[in-house]
Protein chains: 2
Amino acid sequence: MAVKAERFTCAGNPANQEEIGRLSAEECSKSLARLSKGLAHPARVEIVRMLENKPPEERCVCGDIVSALPLAQSSVSQHLKVLKETGWIQGEIDGPRVCYCTVEGIMGYYLALVERSLRGDLDMNRKPETTGKEDDYGL
Amino acid sequence: MAVKAERFTCAGNPANQEEIGRLSAEECSKSLARLSKGLAHPARVEIVRMLENKPPEERCVCGDIVSALPLAQSSVSQHLKVLKETGWIQGEIDGPRVCYCTVEGIMGYYLALVERSLRGDLDMNRKPETTGKEDDYGL
DNA sequence: ATCGTTCATCGTAGATAGACGATAATACGG
DNA sequence: CCGTATTATCGTCTATCTACGATGAACGAT
């Protein structure tokens, strides 16, 4: 098969529900906002649904997604890019194709993040560990 | 008190989990995309969190939200408008103030919508009842 | 080496988002 | 009726989104 793994950087989303509890309120807001932006277009919702429901052995290459959507290939590619940047999906280069799948556990992570960000179980005084900066929404 | 109720139109979000099952896949995608857009900015996440965690008798007027965020009053007002349009919050005019709260059950609705839209339990052949139109993402 | 396939990126254009200060609208208190 | 307080809206500016066709880059096959 010779699938060259493309290293995936999660753009701040650990996709690990254990780690949500260590996020400050501000980090929660930013993380939730970033992931939500990924879902903020119907085409991207459909892409995530498509990928989330593929059995793991059934590959889903970019072309499959393009032909399932009423959009030009370049537009789909941009939506895929947004989904990568916001932490929903990852791609593996497989020859001339790119095989996409959702980040493992991302949906559960998102659901947990919604709960934690919107419900009250947040330590509002906890600060991000790196800096003591203010909320400037520097996304 | 003389609170004049401002009639709230939910912009397509019934905020009723019973009704999610009656949505077509396309409607699910649009509805989820619309609500997700509401959460796609950290300030709006914080507003929803703030409102979701207020005890029901404790009023939360616009000014409270403005002073809790590092943004100008006009910017906060715009975010509140987006949250209204995307179906997250509603406002009641109370004298010179406007008292905001989240739409009843909206968070549960959103969580259910994420599950239903992204998991496979969708009838992909169901069409919207009004028209037989194609997916043109006419948001 | 060259071709076709596949996908990302570029360039462009129009629409929307996001921020702000300034101004308008509304309600209440004198 | 006139000021104050509160919030929405307007106007402006910049940045990002969304779409498309065209082009480029990578790969397998001939």
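Heavy-atom basis, side chains included; hydrogens, waters and symmetry copies ignored. Within every chain, numbering begins at 1; the chains are lettered A, B, ... in the order of the sequence lines, protein sequences first and strands thereafter.
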#### Entry: OP1 or OP2 of dA17(C) under 4.0 Å from side-chain N/O of His79(B)
no
### Message
Treating Ser31(A) as the side-chain partner and Glu27(A) as the backbone partner, does any N or O pair qualify as donor plus acceptor under 3.5 Å?
### Response
no
### Distance, rounded to the nearest Å, where Ile93(A) contributes CD1 and dC7(C) contributes P
11 Å
### Query
Leu69(A) CG to dA19(D) C1': how many Å, rounded?
14 Å
## Note on the structure
Between NE2 of His41(A) and P of dA17(C) the distance, given in whole Å, is 11 Å
### Summary
B/S/- along nucleotides 4-10 of chain D (protein heavy atoms under 4.0 Å) is --SBBB-
### Task
Mind checking salt bridge (Lys or Arg N to Asp or Glu O under 4.0 Å) for Lys54(A) and listing every partner two or more places apart, or none if nothing turns up?
Glu58(A)
## Note on the structure
Residue set satisfying ring-ring contact (aromatic ring centres under 6.0 Å, His included) with Tyr100(B), at least two apart, ordered chain then number -> none
#### Entry: Spacing of Ile89(A) atom CD1 relative to dC7(C) atom P, expressed in whole Å
13 Å
### Validation row: Ile47(A), Leu83(A) side chains within 4.5 angstrom (heavy atoms)
yes
### Spacing of Lys37(A) atom NZ relative to dA15(D) atom P, expressed in whole Å
15 Å
### Query
Aromatic rings Tyr110(A) and Tyr110(B): how do their planes relate, parallel, tilted or perpendicular, breaks at 30° and 60°?
perpendicular
### Query
Can you tell me if Arg116(B) uses its side chain to pair, donor with acceptor, with the backbone of Leu23(B) under 3.5 Å?
yes
